[in-house]
Amino acid sequence: MAHAYVIPVIIILVLIIALILTGYIYDPIVVVPSLAIIGFLSYRIVYVIAKTRKRNLYTYKGKIGKAMEDIPKGKLGYVLVEGEYWEAVALEDIKKDETVVVEDMRDLKLLVKKNINETVV
């Protein structure tokens, strides 16, 4: 996780060097907004890196979703799982708005079947 901080630190150092070389380091009207913007962007970079590193695409197995359209057995359609639209292959006939459960994942396509428990998404 330490390498997630390298990019923001480099950006801040480059900004400080640029402010020193241009002579604006002593002008608070330039320095304060510059550091505030770079600080916010650095925070967002670290936040996104930290969140995406923990994400595993193969954790959708067993997740509950909702069919966005009728999906005949063996055909492609779209499902909504954890707020994301996924292309899915139906293992059985599925009607629009039925709850589905993810059985597996192949080539970024979810294999889904009807959710027997009818748990709400």
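This one's a predicted model, so the numbers in the text were calculated from it and none came from an experiment.
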If you look at every heavy atom in [X] and [Y], which pair is closest and at what distance?
| X | Y | answer |
| --- | --- | --- |
| Ala90 | Pro72 | CB-O, 3.6 Å |
| Val31 | Tyr24 | CG2-O, 3.1 Å |
| Gly65 | Val81 | CA-CG2, 4.0 Å |
| Pro28 | Pro33 | O-CD, 3.8 Å |

Hey, what do you get for [atom1] ([X]) to [atom2] ([Y]), rounding to the nearest 0.5 Å?
| X | Y | atom1 | atom2 | answer |
| --- | --- | --- | --- | --- |
| Asp97 | Leu80 | CG | CG | 10.5 Å |
| Leu111 | Asp104 | CG | CG | 5.5 Å |
| Ile38 | Leu13 | CD1 | CG | 11.5 Å |

With a 4.5 Å limit on heavy-atom distance, are the side chains of [X] and [Y] in contact?
| X | Y | result |
| --- | --- | --- |
| Leu110 | Val89 | no |
| Asp70 | Ile94 | no |
| Glu82 | Lys63 | yes |
| Leu15 | Leu35 | yes |
| Glu69 | Ile71 | yes |
| Asn115 | Val100 | no |
| Leu91 | Val112 | no |

Hydrophobic clustering (ILVMFWY, side-chain heavy atoms < 4.5 Å, transitive) - are Val30 and Leu21 grouped together?
no
Just to verify, which of Ile16, Ile17, Thr22 counts as forming a side chain to side chain contact (heavy atoms under 4.5 Å, CB included) with Ile20?
Ile16
Could you tell me whether Glu98 and Lys66 make a salt bridge, using a distance below 4.0 angstrom between a side-chain N and a carboxylate O?
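So Glu98 does not pair with Lys66 through a salt bridge.
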Indicate whether any N or O donor in one side chain lies under 3.5 Å from an N or O acceptor in the other, for Glu103 and Tyr60.
no
With sequence neighbours excluded, tell me which residues meet salt bridge (Lys or Arg N to Asp or Glu O under 4.0 Å) with Glu87.
Lys109
Does atom CD1 of Ile29 have more than 12 heavy-atom neighbours from other groups under 6.0 Å away?
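Counting other residues, nucleotides and ligands, CD1 of Ile29 stays at 12 neighbours or fewer.
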